[in-house]
There are 2 protein chains.
Amino acid sequence: MPYQDGTYGCPVDVAVQMISGKWKPRLIFELQGQTRRFGELHRLLPGVSKHVLTVQLRELEKDGIISRTVIPTIPPQVNYNLTEFGSNLTPILEQMIKLGEVRISKEKEIKDKDRGEN
Amino acid sequence: MPYQDGTYGCPVDVAVQMISGKWKPRLIFELQGQTRRFGELHRLLPGVSKHVLTVQLRELEKDGIISRTVIPTIPPQVNYNLTEFGSNLTPILEQMIKLGEVRISKEKEIKDKDRGEN
DNA sequence: CAGGATCCGGGCCGATACTG
DNA sequence: CAGTATCGGCCCGGATCCTG
């Protein structure tokens, strides 16, 4: 959202706002190239409650990152997809995965070293 | 941090933990290839208090992303740098900037369209 | 100059119960 | 199945004042 003078904030901050939320990056990741149902996402993210999951999904939808499609059957079915705009987030996720892996292997080293010293 | 069974979480979540914090991505961005002093960072991020800035810097330091160097002059001088490990975050920042720019130009379009309709 | 100490408010997140 | 409704805790972030 622009300031009153019509200017916009730093691109970094803008991006931060879009993906900030404890589960959003994970959700975007799980929706890469796949349609997922609500319950599916709920199972894929152990620890998230349905309430919080709903809120995060709604925010992503409002930001134009994902789309939500309701199929009015009984029982109902709701599908989530990445939008075209949302696919712009893919490179970020890829880099986050790389970073996470680097970090994990670094921790493994430390742990292995500690074991060697005891 | 690993679980008790020695396994590690999803790389995405690990990365999220590292960069989550309202000002962290901005701080990492401002430290790309440059040494910066505390006051400098404080001026570069309008809106952040010294207290919060300190906390965020300390967390980044604890995670091994930045280094903190004190030069005991009067008045004191404290320099911050990205560590070698921290430079692993550069690709993420680049992608976040791209994303932010896409988003900003998209909002500009909408605003221009609205102006045309009124 | 670069913080530490203290207080505080909000919203982020989660648990539980209920529903079309 | 895919949510809503309600409640509550807790921590993040901010304001203010103080210091070597």
Side-chain angles (χ1 to χ4, degrees), chain A residues 1 9-10 12-31 34-63 65-81, chain B residues 1 9-10 12-31 34-63 65-81:
Chain A
M1 43 201 75
C10 165
V12 176
D13 294 337
V14 173
V16 167
Q17 282 184 33
M18 285 201 268
I19 63 173
S20 69
K22 187 168 176 184
W23 307 96
K24 285 183 188 176
R26 261 308 280 285
L27 285 171
I28 295 160
F29 172 71
E30 302 295 350
L31 289 172
Q34 286 171 65
T35 297
R36 298 246 191 230
R37 301 183 55 177
F38 182 87
E40 218 175 337
L41 293 170
H42 190 227
R43 257 174 282 115
L44 285 166
L45 307 205
V48 70
S49 69
K50 286 191 283 185
H51 174 87
V52 171
L53 180 56
T54 302
V55 171
Q56 305 261 327
L57 287 168
R58 287 300 197 288
E59 287 179 13
L60 288 171
E61 189 190 2
K62 203 180 53 156
D63 284 342
I65 293 167
I66 66 173
S67 66
R68 177 172 174 271
T69 316
V70 182
I71 302 174
T73 52
I74 297 180
Q77 176 172 348
V78 180
N79 293 325
Y80 291 94
N81 294 281
Chain B
M1 41 200 74
C10 165
V12 175
D13 293 337
V14 173
V16 166
Q17 282 183 33
M18 286 203 268
I19 62 172
S20 68
K22 188 169 175 183
W23 306 95
K24 285 183 187 175
R26 262 305 282 284
L27 285 171
I28 295 160
F29 172 71
E30 302 295 350
L31 289 172
Q34 286 171 64
T35 297
R36 299 244 190 230
R37 301 183 55 178
F38 182 86
E40 218 176 337
L41 293 169
H42 190 227
R43 257 173 280 116
L44 285 166
L45 307 205
V48 69
S49 70
K50 286 191 284 186
H51 175 87
V52 171
L53 181 55
T54 301
V55 172
Q56 305 262 324
L57 287 169
R58 288 300 197 289
E59 288 180 13
L60 287 171
E61 190 191 359
K62 202 181 53 160
D63 283 343
I65 293 167
I66 66 173
S67 66
R68 177 171 174 272
T69 318
V70 182
I71 301 174
T73 52
I74 298 180
Q77 177 173 346
V78 181
N79 294 325
Y80 291 94
N81 295 280

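These numbers were taken from a predicted model, which means no experiment stands behind them. A note on names: the letters A, B, ... follow the listed sequences, proteins ahead of strands, and every chain is numbered from 1.
What separates CH2 of W23(B) from C1' of dC12(D) is a distance of 13 Å, to the nearest Å. F38(B) has its CZ atom 7 Å from the P atom of dA2(C), to the nearest Å. Between the P atom of dC12(D) and the CG atom of L53(B) lies a distance of 16 Å, rounded to the nearest Å. Atom CD of E59(B) and atom P of dC12(D) are 7 Å apart (whole Å). Atom pair E61(A):CD and dG3(D):C1' shows a separation of 13 Å (rounding to whole Å applied). Summarising the geometry, the separation between CG on L57(A) and P on dG3(D) is reported as 8 Å, rounded to the nearest angstrom. Across the protein-nucleic acid pair, L44(B) atom CG and dA2(C) atom P stand 12 Å apart, rounded to whole Å. For the pair E40(A) CD and dG3(D) P, the interatomic distance rounds to 13 Å; values are reported in whole Å.
In this structure, CZ on R43(B) lies 12.0 Å from CD on E30(B), to the nearest 0.5 angstrom. From H42(B), atom NE2 reaches atom CG of L57(B) across 11.0 Å, with rounding to the nearest 0.5 Å.
For V48(A), counting side-chain heavy atoms from C-beta on, the closest listed nucleotide (dG14(C), dG14(D), dG3(D)) is dG14(C).
Put simply, R58(B) has a side-chain N or O that comes within less than 4.0 Å of OP1 or OP2 on dG4(C). At least one side-chain nitrogen or oxygen of R68(B) sits closer than 4.0 Å to the OP1 or OP2 atom of dG3(C). The side chain of R37(B) places an N or O atom within less than 4.0 Å of a non-bridging phosphate oxygen (OP1 or OP2) of dA2(C).
Within the 4.0 angstrom heavy-atom criterion, base atoms lie near V52(A). Within the 4.0 angstrom heavy-atom criterion, only backbone atoms of the sugar-phosphate kind lie near Q56(A); the bases stay farther away.
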Identify the pairs formed between an N or O of the protein and an N or O of nucleotides 16-20 of chain C at a distance under 3.5 Å, and give each distance.
none

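The shortest distance between side-chain heavy atoms of T54(B) and F38(B) falls below 4.5 Å. Residues K24(A) and I65(A) fail the side-chain proximity criterion, which asks for heavy atoms closer than 4.5 Å. In this structure, the side chains of T35(B) and T69(B) stay at 4.5 Å or more apart for every pair of heavy atoms.
R26(A) places a side-chain N or O within 3.5 Å of a backbone atom of L44(A) that can act as its donor or acceptor partner.
By the neighbour-count criterion of 12 heavy atoms within 6.0 Å, atom CD1 of I74(A) is sparsely surrounded, having that number or fewer from other residues, nucleotides or ligands.
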